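Have a look at the structure below, then the notes.
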Amino acid sequence: MIEMGESKLTMAVPPLLLLTLLSLPSLLIHAAISDAYPTIPGTAPIDGGFSDELKPIRREVYGEGKIFDISHRYTPEMPAWESKEGIGRFLWLAASMKNGSLANNSEMKIPTHTGTHVDSPGHVYDEYYDAGFDVDSLDLQVLNGPALLVDVPRNKNITAEVMKSLNIPRGVRRVLFRTLNTDRRLMFKKEFDTSYVGFMKDGAQWLVDNTDIKLVGVDYLSVAAYDDLIPSHLVFLKGRETILVEGLKLDDVKAGVYSVHCLPLRLVGAEGSPIRCILIS
Ligand SMILES: *[C@@H]1O[C@H](CO)[C@@H](O)[C@H](O)[C@H]1NC(C)=O
Ligand SMILES: *[C@@H]1O[C@H](CO)[C@@H](O)[C@H](O)[C@H]1NC(C)=O
Ligand SMILES: *[C@@H]1O[C@H](CO)[C@@H](O)[C@H](O)[C@H]1NC(C)=O
């Protein structure tokens, strides 16, 4: 009965950005009370408004301290590029049991570069976009494997000098850069902030020329500092080997070596995608 209802309901939903998600009442309720987004991630579960008997546990860390969720929750109040208002309402219940449907079915609409997300080469190179270098073409072997989480100096953007000072050994292929953005909790602030820390063009160039890093992760919405927005992206994405993961949640994880696992959606034709990333120690 439920099976039939589900397939009937999902049939009418267009592909790509409009996704039909089953069993999302908890997310919806969470979205409605998103001011309850925890001030200290990794602490108490959010009060989802359920009774005590029926209450989901929301975690930042799983598996007895071994698995860290480094993706941000999608809420209306999470920051959006150059917006004061956050991403706003992006999820709604298109069919609900309260209104007589066989199941609850949510729909959503969001820019692909929202929250924790990945950029493909088509993001800043039109010819790559036309040639099909979308998020479906990204190498999962780059997005998954041993990774280094490093703290960068808090008083600078990521320049060539900063990159050099980090002394990241050759052979390291995946690095997540924790910056002042994490200390400032910028991803938890609704208003977009142009003063975030990111790569300056010379820092990006230094990384491409002098390291084996192919996965670059950062803790705000762009890998590039606002002042060098396009130049840094051009440097990183030119060779089509470097994958950029942005908006990571790097709070409350120790610097060091982990196994990173990042999986983008297979959005054909999209130069960006929300991505779920975890670290396993
Ligand atoms: C969604 O489904 C549940 C049953 O699984 C039902 O209790 C709830 O009222 C529904 N929500 C809405 C808004 O219809
Ligand atoms: C149910 O339908 C009514 C009337 O169309 C509408 O006002 C209400 O928002 C709907 N509720 C849900 C949860 O879809
Ligand atoms: C980083 O660069 C931005 C401009 O892109 C600037 O506003 C910010 O102050 C810089 N941060 C640091 C720590 O130097």
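Each ligand, and each atom within it, is numbered from 1 in the order the structure gives. Please read these numbers as outputs of a predicted model, since none were measured by experiment. Positions are given from 1 along the sequence.
- Taking the six-membered ring for Trp, Tyr125 and Phe133 have ring centres at least 6.0 Å apart.
- Atom 11 (N) of ligand 3 has its closest protein heavy atom at Asn157 ND2, 3.2 Å.
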Stepwise, does the side-chain hydrogen bond (donor to acceptor under 3.5 Å, both in side chains) test hold for Ser195 with Arg184? CA-CA 11 Å; Ser195 73; Arg184 294 178 67 201; 2.9 Å; yes
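- Distances below 4.0 Å separate heavy atoms of Ala225 from the following atoms of ligand 3: 5 (O).
- The single protein non-hydrogen atom nearest to atom 8 (C) of ligand 3 is Ser195 O, 3.6 Å, given as residue, atom name and distance.
- A centroid separation of less than 6.0 Å is found between the aromatic rings of His72 and Phe188.
- Of all the atoms in ligand 3, the ones that sit under 4.0 Å from a non-hydrogen atom of Asn155 are 13 (C), 14 (O).
- Listed by atom number, the atoms of ligand 3 under 4.0 Å from Asp227 heavy atoms are 4 (C), 5 (O).
- Side-chain heavy atoms closer than 4.5 Å link hydrophobic residues (I, L, V, M, F, W, Y) into clusters, and following such links, possibly through other members, connects Leu186 to Leu229.
- Listed by atom number, the atoms of ligand 3 under 4.0 Å from Tyr226 heavy atoms are 5 (O).
- Those atoms of ligand 3 with a heavy atom of Arg154 less than 4.0 angstrom away are 13 (C).
- Remark: Arg154 CZ is packed, more than 12 non-hydrogen atoms of other residues, nucleotides or ligands lying under 6.0 Å away.
- The residues Glu60 and Arg73 are annotated as salt-bridged, a charged nitrogen and a carboxylate oxygen being separated by less than 4.0 angstrom.
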